Amino acid sequence: MAFEKVKRSENYSEWYNNLVKNADLAEHAAVKGCMIIKPYGYAIWEKMQQQLDKMFKETGHSNAYFPLLIPKSFFEKEEKNAEGFAKECAVVTHYRLKVDENRKIIVDPDAKLEEELIIRPTSEAIIWNTYRSWIQSYRDLPILLNQWANVMRWEMRTRLFLRTSEFLWQEGHTAHATAEEALVETKQMLDVYAEFAETFLGVPVIKGVKTSNETFAGAVETYCIEGLMQDGKALQMGTSHFLGQNFAKAFDVKFQTKEGKLEYVWATSWGVSTRLMGALIMAHSDDEGLVLPPNLAPFQIVIIPIYKTDEERARVQEKAFEIKKTLEKNNISVKFDDRDTHKPGFKFAEWELKGVPLRIGIGPRDIENGTIELARRDTKEKSVINIEGIDIFIKNLLEEIQSAIYIKAKSFRDSSIHKVDSWDEFTKVLEEKAGFLSAHWDGTSETEEKIKNLTKATIRCIPLNNEQEVGTCVLTGNPSSQRVLFAKAY
RNA sequence: CGGGGUGUAGCGUAGCCAGGUAUCGCGUCAGCAUGGGGUGCUGAAGGUCGUAGGUUCAAAUCCUGCCACUCCGACCA
């Protein structure tokens, strides 16, 4: 395998594309904007799913599944939601093909659907249409559901994982009796996302609220976690929406209170997607390839045998299996790369490219000495250690790597938050340093829009528990009560 | 939707301006050697040159249409 190697520092976006392809994560599909997630990439996604799913269940949610196709009439009920997504909806208009005179397959004009169907860009419409029939009394509440699904948004510009037309995600949809309860839910799920991002992806995130410009179509408030990538651009990694009674009103979902009054139901929705794969890649990887945090690596450690003769191979194999078993007993996932078709050097490079956190090299020399060679992917440190007590050693080391990756990303992120107090400073820092700009803003959509047009930077969020501080807007000089975070974003 | 790019073997490409039946590398297959950082040598297989039409004795090459993907912008998780 000869890889076209692109340096991160030279062309970040090309580096990213190359890495996704070379590390066997995904490739472009025949259909524009769609991707094929390859087994290795999908294995990482599955790990994310498993962990998130566990966390959702721990917080009282159950999984369910709602259909891909949504009648247009449902979709248009929540006006803002419909408007927000209208431009990117794929529409099913026919239910049949036929063979024409030229033996070509064509859409059968006689098979036009009476009502057009939308391929879900998100499922609030179909779910709230369903919730109407599920909810009558306060006893039916809360409803705490999640679904793992694919959605489609016909994007104009796509990038593998970061923005594809079809993507995989989970969407939670909950229904509550009170606004307070729904708000608690919204924030709880935001916390779940933040914890997941930091402990599993190893990506530090800032929790915040979106400005009205950036609020989800149909939501009252959108909370988000924002991460920072190595090129200084921000990435929205998850959102949790307080939907108020918007969907309940649009779909006429009411319940009877203890007191016998009819009230509209309060709602939340929250989601993270395969975009997290993009975050994972862009937050940690280097010129040698992917760097995976142990908590999400399909293999936490790879064992590469070194030998010349068949006799040596057999001896090394035996020892390698022994080590593999010992590690597996400690819940460490191990790949023993016993392919005889590739040389060790090739395997070293390949598994580095794929981001496996630790590598064991073992050969005849080691067997004599009772040692192995251990190499860390994140720091590229190599050491020779005794086989004795290897399980505990590696278990601890994996934890150390997980935290080292996080700390590295965090110190980068922390040093990339720049306080700026004038327009000159704003544009200069944005140009020269990128990252987050913490700046005063007068709170109007107009100003936000102007700044976006002038610099391409948007307000990523108003951090939660933001320090209140009197100041003046960087652009207009109007009074402001707090700083918000600007950045160029993916 | 606007601007650029690309489409030739599984992958990456040369050839196109100055038309004559396709180059090279990687990979694949076979064999021998090799094996502690992307192995070496020898041999072999593999192509309706994106697609439809036109010009020509002759088209990967020139002309026209179409399609797809990709990059850069407007839009978005």
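The sequence lines fix the lettering, A, B, ..., with proteins before strands; numbering per chain opens at 1. A quick note: this is a predicted structure, and the numbers were derived from the prediction, not measured.
Put simply, CG on Asp24(A) is 14 Å from P on C11(B), counting in whole angstrom units. Going from atom CD1 of Ile306(A) over to atom P of G38(B) covers 12 Å, rounded to whole Å. Remark: P of G12(B) and CD of Glu27(A) are 10 Å apart, rounded to the nearest angstrom. One can place NZ of Lys308(A) at 14 Å from C1' of U39(B), the figure rounded to the nearest angstrom. Counting to the nearest Å, the P atom of G38(B) and the CD1 atom of Ile304(A) are 12 Å from each other. The CG-P distance, from Asp340(A) to U34(B), rounds to 13 Å in whole Å. Regarding Leu353(A), its CG atom lies at a distance of 14 Å from the C1' atom of G37(B), rounded to whole Å.
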(request) Show your working on ring-ring contact (aromatic ring centres under 6.0 Å, His included) between Phe161(A) and Tyr16(A) and close with a plain yes or no. (result) CA-CA 11 Å; Phe161(A) 291 119; Tyr16(A) 175 85; 7.6 Å; no
(request) Show your working on ring-ring contact (aromatic ring centres under 6.0 Å, His included) between Tyr40(A) and Trp45(A) and close with a plain yes or no. (result) CA-CA 9 Å; Tyr40(A) 193 67; Trp45(A) 174 241; over 10 Å; no
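Aromatic ring pairs are classed by plane angle as parallel below 30°, tilted from 30° to 60° and perpendicular above 60°; the pair Trp128(A) and Tyr131(A) is perpendicular.
Base pairing analysis places U34(B) opposite nothing; no Watson-Crick or G-U wobble pair with both distances below 3.5 Å involves it.
Although no hydrogens or angles enter the test, the distance criterion places no donor-acceptor pair under 3.5 Å between the side chain of Arg359(A) and the main chain of Glu373(A).
If you check G37(B), C69(B), U39(B) against the side chain of Phe346(A), the one that comes closest is U39(B).
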